[in-house]
Amino acid sequence: MEFASPLILAALVVLPAIWWLLKLTPPRPRREVFPPLAILLRLAKRDETPAKSPWWLTLLRMALAALVILAIANPVIDPERTTIATGGPLALLIDNGWASAEDWRARTRAAETLIDAAADADRPIMMAFTAETVNDPTPVSATEARQRLAAAEPRAARPDRLAAATALSEAFGETPPATVAFISDGLAGPDDAAAFSMLSSAEDNIVLSAPRALPAALTDVENDATASRITASRAEIDAAGEMTVNAYDLQGRVIASAPLVFEAGAGAASAEIRAPFEVRNDFARIAIDGAANAGAVHLLDDGFKRRRVGLISGSPANDAQPLLSSAYYLQQALSPYADLISSDAATLPEEIAALTDRNPSVLILSDVGTLPEEAHAALSQWVEAGGTLIRFAGPRLAAASGDDSLLPVRLRSGARAFGGAMSWSEPQPLAPFPPESPFYGLPVPDDITVTRQVLAEPAPTLSDHTWASLADGTPLVTEGALGEGRIVLFHTSADPNWSNLPISGYFVEMLRRIVNLSRAGQAEEGDAVSLLSPYRLLAANGTLTSDVADAKPLAVPGGPTAATAEHPPGLYGSPDGFTALNLFAAGDQLAPVDISGFGDAVRTVTIGDARAFSLKPWLLAAAMALLIIDGIIMLAMNGAFRGLRPRRAVMSVAIAAACALAIPLYLGSAPPVHAQMDDAAIADLLYETHLAYVVTGEDEVDRISERGLKGLSDYISYRTALEPGDPIGVDPASEELAFYPLIYWPISATASMPSEEAIAGIEAYMRNGGTVLFDTRDQYSPLGQSAVSANTERLRQILDNIDVPPLEPVPEDHVLTRSFYLLSDFPGRYDGSPLWVEARAGEDAAGNIVTSGGDGVSPILITGNDFAGAWAINPDSTPMLPTVPENPTQRQYAYRTGVNIVMYMLTGNYKADQVHVPALLERLGQ
């Protein structure tokens, strides 16, 4: 315990004087009958001495004086021992990188405690975040520092402490800080020693860190012919540890798992996921089970790395009529997910040499028949070194020798035709793919036919080399190994002359799967560079979001191999093809932070959820109670209760004492959210429309909810004819909810789980026509449905106990899109989560949309965009929190979203019924 104003304690030395004064009390008056003579006899003047005060009354008054003195000194119980020096500003260096995501709230609470201490000492605060690209650490007041802290959030980035410390040291100027507090994530950075030495000149240095174990991170994932190998790193190596890594597909489903075991003393570990390659081709990300940070996630792209594919065509290019060229169909099929390269060399050997020098993953020969000896040797050497050669048949290959070593099987001379004028056979469809084929799992197409093919010579091992065949059993795609590489042959052409396969989606998928089996080549100097726009970025909690405003396009090839400030981790490209950029590169290692750069005068503090607790209000309340008790005693001693009967006198004193003792309890505890409603309160609720929010018990969450609905109510009053009253916080377990058209429920995983009574109250409210807007405030993405945030997991637990109707994202023609404003999107503080409503049941016989909700209103709305955070305003009507990204237009659309939701609640299907107005007017004869 410590005192905010310790000098006030010097007043305790006056307690003996107070004792001497209080031990004397004036004589108690006497009651006498009015005998005039008796009074006259006593008129003789004599000296009187005051009666002595009882010792227990004097002790009570001494205690009262001591309590007042102690309260003015403001004793503070500080579990985190975050006292600061008061000779200068407070400088805060806060890690907000990926490793701080899971306990960010505890870190902000520790920072708030330090800011409170600086506010009590009337000291300015300087603040810098290590994962931000731009910091403004100029000294600010405690109020502004709290606002900056509330707007900060963890980033999916590795901290740059040197840049943050440089910004702080430059802001010091002529006023060096008295205290430098470093709220650390516990992990070492590349320039820690230089960063800490810049800040070591302060009078007091504090390093605060969380008590939990340091997180592990995935540093590399490799995919070979038999398994996916995952490499992980950790900073704490004293004890052995075991984790589980999961492989997820694009829909967020776990499709494979493997144990990840760290040996004692080892900082790295590896795991293997052994699965068929058709399953591994569906891996979209690898993540450590139970970890909610960006370092525990490794994103995978198409084939784990974008492939470079070289194209060589045996037929001349036809720019005037590209649809007659096989190269056109190959380019259209491969360009979404591969980097295509070609050469303008005049001869085939020069063309092959130019392409192999650029180290492609795949080379495609379209209708190339006999290869010159020089080109044949170079191509064979390239395949044996691990390259993948894909060949397509055509007239030239059909006329060439069938025993070429760069063919997976021996071929017969000539081509086989189906359905010609001189043939009895019909064009052949495809047969089901064998289990060992990379195409296994694709549905068998019934609209793809082959009219011409080159035939393989029958052989006992022909079926072992066949990946796809026609309905009559003849091979369509064959494969063979050559050294470390692979040769694949399509027995038909790459253009529609021999088959309609090249103009189908199966052609794209078949090529994609073959390319994904190839090894990834390295970029060579002089390669053409493509700029890929950010598609989805990784949030600090390990989920994918659509907020890509701060990311720059990624250069491929030649771009960074690990995330940077300009290129955050995520997916770059488009839904048709993308490249993954991860937080860590292969070979990266984690280590614990070394704070020796601060010097010897440094204290380390473990942060937690506890906050500093002031005893001042409790001491003042106790002093007031003693003052009331003293007054009651003095009244009793002066005979105030003498006229009462003994029983009534005792009862009166007992009631007064009980009231006095209840005052500290009342002042020291939080008042209830709402008292029991009387008729006047019910009439007020019926007279005026109020928006409501569920009280979670967390002060900050409830404050944002109240200020958010207040901001929305003001906006509605300004823009519409509706004038809502002040928002009201409700407890579904004990309060009547029928008075409110809309209840906003901010989901918080750190709040206590709602009781069964609260969930039952909400379900009854929804069943009787009310609407609840659940907001997880985490901007979850459909690409990461399985790796949900803690708030989304809490929402699932709540909804498990409620009869929830089927849900769907708001359709384009839904009433919500036009109930007041015309909207196509429903942003809040974030803009990455859809707004879910009750799914519509279908259409009636007249084609009108049928809804299952009362009056067409959905009883449940779900979002993750943090609506209240966008609506929330300060008392001066300025926004409390910035939008992400910071965009005034997004805030305006967030307010419009709120207006549409409220109008939708109040009017039901009125807007949808407007389509019937012409028919109604016609019936009325107008």
Side-chain angles (χ1 to χ4, degrees), residues 78-84 90-119 125-132 135 137 140 142 144-161 164-165 168 179-189 192 195-196 199 205-215 217 235 291-296 539-542 590 592-593 595 598 602-612 698-701 704 748-751 777-778 789-791 881 884:
D78 188 5
E80 297 176 357
R81 303 182 305 281
T82 50
T83 55
I84 63 171
L90 165 67
L92 288 174
L93 181 67
I94 303 175
D95 278 342
N96 65 324
W98 66 274
S100 62
E102 296 185 62
D103 56 1
W104 178 247
R105 187 166 183 81
R107 297 174 185 277
T108 55
R109 285 178 175 171
E112 288 171 357
T113 301
L114 291 166
I115 293 173
D116 292 343
I125 297 100
M126 313 169 76
M127 187 183 304
F129 297 91
T130 59
E132 301 292 343
N135 276 295
V140 296
E144 187 172 348
R146 293 189 188 98
Q147 292 175 353
R148 291 188 182 183
L149 183 64
E153 58 185 11
R155 304 284 187 184
R158 302 171 74 174
D160 187 354
R161 292 171 184 148
L168 271 176
T179 298
V180 171
F182 171 42
I183 302 180
S184 170
D185 61 13
L187 298 177
D192 285 353
F196 298 155
L199 309 175
N205 293 313
I206 312 172
V207 176
L208 300 94
S209 58
R212 65 179 182 85
L214 297 179
N293 61 76
N541 61 359
L590 301 182
V593 64
I595 60 173
F598 280 110
V602 60
R603 338 182 244 133
T604 59
V605 177
T606 300
I607 62 177
D609 290 333
R611 298 188 62 182
E698 295 189 337
D699 295 340
E700 184 65 17
V701 176
I704 292 176
S748 176
T750 55
R777 304 172 297 124
D778 56 5
S789 68
N791 288 356
L881 301 173
V884 181

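Computed from a predicted structure; not experimentally measured.
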>> Using modelled atom types and a 3.5 Å cut-off, is there a donor and acceptor pairing between side-chain atoms of Asp778 and backbone atoms of Asn791?
In response: no
> Between Arg146 and Glu112, is the closest basic N to carboxylate O distance under 4.0 Å?
Replying inline: no
> Quick one: salt bridge (charged side-chain N to carboxylate O under 4.0 Å, His left out) partners of Glu102, sequence neighbours excluded?
Replying inline: none
>> For a quick test of reading the model, state the closest non-hydrogen atom pair linking Ala296 to Ala291 and the distance between them.
In response: CB-CB, 3.5 Å
> Got a sec, which residues hit side chain to side chain contact (heavy atoms under 4.5 Å, CB included) with Asp192, two or more places apart in sequence or on another chain?
Replying inline: Arg161, Ala188, Phe196, Val593
> Listed by chain and number, what are the side chain to side chain contact (heavy atoms under 4.5 Å, CB included) partners of Ala235, not counting sequence neighbours?
Replying inline: Leu187, Leu214, Leu590, Pro592
> Can you name the residues that form a side chain to side chain contact (heavy atoms under 4.5 Å, CB included) with Glu698, not counting sequence neighbours?
Replying inline: Arg105, Thr696, Val701, Ser748, Thr750, Ala751
>> Looking at Gly97, is its backbone amide N or carbonyl O close enough to the side chain of Asp95 to form a donor-acceptor pair, meaning the two atoms are under 3.5 Å apart?
In response: no
>> Nearest 0.5 Å, please: how far is CZ in Phe598 from CZ in Arg603?
In response: 12.5 Å
> If you look at every heavy atom in Pro154 and Ala540, which pair is closest and at what distance?
Replying inline: O-CB, 3.5 Å
> Between Pro215 and Asn293, what is the shortest heavy-atom contact and its length?
Replying inline: CB-ND2, 4.0 Å
> Which value, rounded to the nearest 0.5 Å, describes the distance between Leu92 atom CG and Arg148 atom CZ?
Replying inline: 11.5 Å
>> Working to the nearest 0.5 angstrom, can you tell me the gap between Trp104 CH2 and Asp185 CG?
In response: 10.5 Å
> Roughly how far, to the nearest 0.5 Å, is the CG atom of Leu199 from the OG1 atom of Thr179?
Replying inline: 12.5 Å
> In Å, rounded to the nearest 0.5 Å, how long is the span from CD1 of Ile115 to CG of Leu90?
Replying inline: 7.5 Å
>> For Ala164, give me all partners under side chain to side chain contact (heavy atoms under 4.5 Å, CB included), at least two apart in sequence or on another chain.
In response: Leu93, Ala128, Thr130, Asn135
> What distance do Arg107 atom CZ and Asn96 atom CG have between them, rounded to the nearest 0.5 Å?
Replying inline: 10.0 Å
> side-chain hydrogen bond (donor to acceptor under 3.5 Å, both in side chains) with Gln147: which residues, sequence neighbours excluded?
Replying inline: none
>> Quick check: closest heavy atoms across Ser184 and Val207, and the distance to 0.1 Å?
In response: CB-CG1, 4.4 Å
> Which of these, Val140, Leu114, Ile94, sits in a side-chain contact (heavy atoms from CB on, under 4.5 Å) with Met127?
Replying inline: Ile94
